[in-house]
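So the structure is just underneath, and the comments pick up after that.
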Amino acid sequence: QVQLVESGGGLVQAGGSLRLSCAASGRTFSSPVMGWFRQAPGKEREFVAASWWSSSSTIYADSVKGRFTISRDNAKNTVYLQMNSLKPEDTAVYYCAAGTLFTRVVANYAYWGQGTQVTVSS
């Protein structure tokens with residue numbers, strides 16, 4: 001089992017920045033891939049970014065590439081999502097997830113946090 005707890009969401013104006021954190025605990029070695037996803041009201045959950053715990057390899061959704069950065073602090077078992085140049089369309093509940101495949105597919109992530117709300121005002 002892996003437990004995930006997100007923090008750092010909030011209300012920000014368009015063009016602003018936020019940093020989300022995801023603290024992982026439990027059998028993190030069994031789920032070496034960490035991902036960020038988001039879900040806006042009335043929409044399906046969508047991939048944002050993913051990273052390995054043990055590698056610098058990352059993947060991003062086209063909609064956030066160049067604006068968002070995923071990083072990790074292995075000593076703290078924490079993954080971050082730095083979000084810059086935020087847009088109103090980035091408004092959503094953001095979730096972190098843990099899985100075994102380096103993929104954008106929601107179904108391939110077995111463990112999920114409770115989510116944190118990000119609201120970007122225009």
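Everything numeric in this text was worked out from a predicted model, so none of it was measured.
Considering only heavy atoms from C-beta on, Cys22 stays 4.5 Å or farther from Val5 through its side chain. Within the 4.5 Å cutoff, no side-chain heavy atoms of Tyr95 are placed close to those of Thr116. A 4.5 Å side-chain heavy-atom check between Val118 and Leu20 finds at least one atom pair inside the cut-off. Between Leu101 and Val33 there is no side-chain heavy-atom pair separated by less than 4.5 Å. Side-chain contact check for Leu86 versus Leu18: some heavy-atom pair is nearer than 4.5 Å.
Residues Ala50 and Tyr109 approach most closely at CB-OH, 3.5 Å, considering heavy atoms. Among all heavy-atom pairs drawn from Arg72 and Trp53, the shortest one is NE-O, 2.6 Å. The two atoms that bring Ser31 and Val2 nearest to each other are OG-CG2, 4.0 Å, heavy atoms only. Between Ala40 and Ala92, the shortest heavy-atom distance links the atoms N-CB, 3.8 Å.
Between the Asn108 side chain and the Thr100 main chain, no donor and acceptor come within less than 3.5 Å of each other. Checked by atom type and distance alone, the side chain of Thr28 never pairs as donor or acceptor with a backbone atom of Ser25 at under 3.5 Å. With hydrogens and angles ignored, the 3.5 Å screen pairs a side-chain donor or acceptor of Gln114 with a backbone N or O of Glu6.
Put simply, CD1 on Ile70 and OG on Ser57 are 11.5 Å apart, with the number rounded to the nearest 0.5 Å. The line from CD of Glu89 to CZ of Arg38 is 8.0 Å long, rounded to the nearest 0.5 Å. Taking OG1 from Thr69 and CE from Met83, the interatomic distance works out to 11.0 Å, rounded to the nearest 0.5 Å. Here Ser85 contributes atom OG and Phe68 contributes atom CZ; the two are 9.0 Å apart, rounded to the nearest 0.5 Å. Atoms OH and SG, on Tyr80 and Cys96 in that order, are 12.0 Å from each other to the nearest 0.5 Å. The OH atom of Tyr94 sits 12.0 Å away from the CD atom of Gln39 when rounded to the nearest 0.5 Å.
Crowding of Gln1 atom CD: a count of heavy atoms from other residues, nucleotides or ligands under 6.0 Å not exceeding 12.
For the residue pair Thr78 / Asp73, no side-chain donor-acceptor distance below 3.5 Å is found, with atom types taken as modelled.
Aromatic ring centres of Trp52 and Phe102 lie closer together than 6.0 Å. For an aromatic pair to be called close, the ring centres must be under 6.0 Å apart, and Phe37 with Trp112 satisfies this.
Ionic pairing of Lys87 and Asp90 is not present here: no N-O contact between side-chain nitrogen and carboxylate oxygen is shorter than 4.0 angstrom.
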